[in-house]
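First the structure, in the form of structure tokens, and then the observations on it.
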Protein chains: 2
Amino acid sequence: MANETSYKDKKVITIGIVSELTGLSERQIRYYEERKLIFPDRTPGGSRKYSFSDVELLMEIAEKIEDGVQTHEIRKEMTRSKKKLTPEEAKRRMIQGQLNVQFGLRKGPFS
Amino acid sequence: MANETSYKDKKVITIGIVSELTGLSERQIRYYEERKLIFPDRTPGGSRKYSFSDVELLMEIAEKIEDGVQTHEIRKEMTRSKKKLTPEEAKRRMIQGQLNVQFGLRKGPFS
DNA sequence: TAACTATGTAAGGAAATCTAACATGTTATT
DNA sequence: AATAACATGTTAGATTTCCTTACATAGTTA
């Protein structure tokens with residue numbers, strides 16, 4: 001009942017497009033998956049599918065990599081920030097959720 | 001300066017996924033393009049790319065087709081409604097635009 | 001020095017998409 | 001009624017996109 005999902009989290013983007021969007025090579029994107037930083041869905045045929053959230057995350061990862069942070073460090077940071085998020089961020093997310101309900105797709109398949 | 005675009009209008013979805021999302025066959029989706037109801041982008045290699053807005057539009061088209069409306073009628077309706085939209089809808093869209101600015105992607109490539 | 005990290009590249013194969021053409025049942029038009 | 005247009009399926013062959021695996025390598029860590 002809670003936690004409605006919107007466009008942002010729908011996994012519909014193939015790796016080629018993600019590569020274009022992020023500027024990362026497909027090699028890099030697959031590697032970050034191997035290092036458990038990103039978790040695409042798959043088509044029945046086995047092609048990877050990403051969401052806009054994934055694209056955002058990949059860009060954050062790219063920044064950290066550029067700053068010399070290693071994948072396993074990034075992984076730790078991620079599990080850490082997944083655990084406890086600031087009250088402000090929590091509130092912001094709840095508001096966003098409300099907005100999604102109010103103004104999101106009407107009767108579409110993305111609610 | 002005005003008219004910022006968000007996830008919803010980014011053309012990043014391939015036809016197979018659109019087909020899944022809408023329940024339409026790829027044949028149908030290509031045909032509606034031929035009838036000028038939908039306008040996907042293309043990759044350099046020539047593959048079609050759609051946005052979530054396109055997906056929504058396709059679902060509306062599908063409904064009308066089911067109701068027996070012909071493509072060229074739908075086309076007329078579309079150009080007509082593109083011209084003048086109700087004040088309520090206009091207002092709703094402006095509010096939505098504001099929300100995108102407030103709560104959309106921070107410094108990402110989709111603003 | 002030996003292992004690990006991050007990335008490139010190549011090969012071969014499979015999946016996804018493309019266009020064009022033909023078939024068909026259903027609606028319009030004449 | 002005959003002809004044309006509409007909407008969709010299907011097939012074929014070509015091209016694009018994606019997959020995994022493996023090897024190479026420069027830089028980093030142990």
Side-chain angles (χ1 to χ4, degrees), chain A residues 10-52 54-80, chain B residues 10-52 54-80:
Chain A
K10 272 238 150 214
K11 306 222 175 197
V12 296
I13 316 178
T14 52
I15 198 169
I17 309 274
V18 171
S19 173
E20 255 198 15
L21 256 28
T22 59
L24 295 168
S25 69
E26 298 186 11
R27 181 67 168 93
Q28 286 175 305
I29 297 168
R30 294 196 190 99
Y31 179 66
Y32 300 152
E33 176 183 356
E34 189 183 320
R35 303 316 303 268
K36 306 229 190 300
L37 300 181
I38 192 91
F39 305 92
D41 280 359
R42 298 280 184 143
T43 65
S47 295
R48 275 166 264 249
K49 296 185 299 180
Y50 303 85
S51 67
F52 281 111
D54 291 333
V55 170
E56 281 187 46
L57 181 51
L58 280 168
M59 294 193 306
E60 289 176 24
I61 291 168
E63 268 191 46
K64 291 182 186 169
I65 294 279
E66 279 174 38
D67 295 351
V69 186
Q70 293 191 170
T71 52
H72 80 275
E73 266 306 319
I74 298 175
R75 171 131 185 70
K76 277 191 220 164
E77 286 176 34
M78 279 174 50
T79 51
R80 239 181 283 129
Chain B
K10 272 235 155 226
K11 306 226 176 196
V12 297
I13 316 178
T14 53
I15 196 167
I17 310 273
V18 172
S19 173
E20 254 196 17
L21 255 29
T22 60
L24 296 168
S25 69
E26 298 185 10
R27 181 67 168 92
Q28 287 174 302
I29 297 168
R30 292 195 191 101
Y31 179 67
Y32 300 153
E33 177 183 357
E34 189 182 320
R35 303 316 302 268
K36 307 228 188 302
L37 300 181
I38 192 93
F39 305 93
D41 279 358
R42 298 279 184 142
T43 64
S47 295
R48 273 166 264 248
K49 297 186 297 180
Y50 303 85
S51 67
F52 280 112
D54 291 332
V55 170
E56 282 186 45
L57 181 51
L58 280 169
M59 294 193 305
E60 289 175 25
I61 292 168
E63 269 191 45
K64 292 183 186 170
I65 293 280
E66 279 175 39
D67 295 351
V69 186
Q70 293 190 172
T71 51
H72 79 277
E73 265 307 317
I74 298 175
R75 172 131 184 69
K76 280 190 219 164
E77 286 176 34
M78 280 174 51
T79 50
R80 239 181 285 129

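Throughout, protein chains are lettered first and strands after them, A, B, ... in sequence-line order, and every chain is numbered starting at 1.
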For B/Ser25, is there any backbone N or O sitting under 3.5 Å from a side-chain donor or acceptor partner on B/Gln28? yes

What is the bend of the helix from C/dT1-D/dA30 to C/dT30-D/dA1 when you compare the axis at one end with the axis at the other, using five pairs each and rounding to 10°? 30°

Over how many whole Å does the gap from B/Leu24 atom CG to C/dT17 atom P extend? 15 Å

What pair of heavy atoms forms the shortest contact from B/Met59 to B/Leu21, and how long is it? SD-O, 4.2 Å

Is it the case that the side chain of A/Thr22 and the backbone of A/Val55 share a donor-acceptor pair, with hydrogens and angles ignored and the cut-off at 3.5 Å? no

Does the side chain of A/Arg35 pick up a donor-acceptor pair with the side chain of A/Tyr31 at under 3.5 Å? yes

B/S/- contact track for nucleotides 4-22 of chain D, protein heavy atom under 4.0 Å: --SBBBB-----SSSSB--

Checking side chain to side chain contact (heavy atoms under 4.5 Å, CB included) for the pair B/Glu77/B/Lys64: CA distance, chi angles, key distance, verdict? CA-CA 11 Å; B/Glu77 286 176 34; B/Lys64 292 183 186 170; 3.0 Å; yes

Carefully, step by step, assess A/Thr71 and A/Ile65 under the rule side chain to side chain contact (heavy atoms under 4.5 Å, CB included). CA-CA 7 Å; A/Thr71 52; A/Ile65 294 279; 4.0 Å; yes

Test: side-chain hydrogen bond (donor to acceptor under 3.5 Å, both in side chains). Region: residues 37-48 of chain A. Which pairs qualify, not counting sequence neighbours? A/Glu33-A/Arg48

So, does B/Lys10 use its side chain to make a donor-acceptor pair with the main chain of B/Phe52 at under 3.5 Å? no

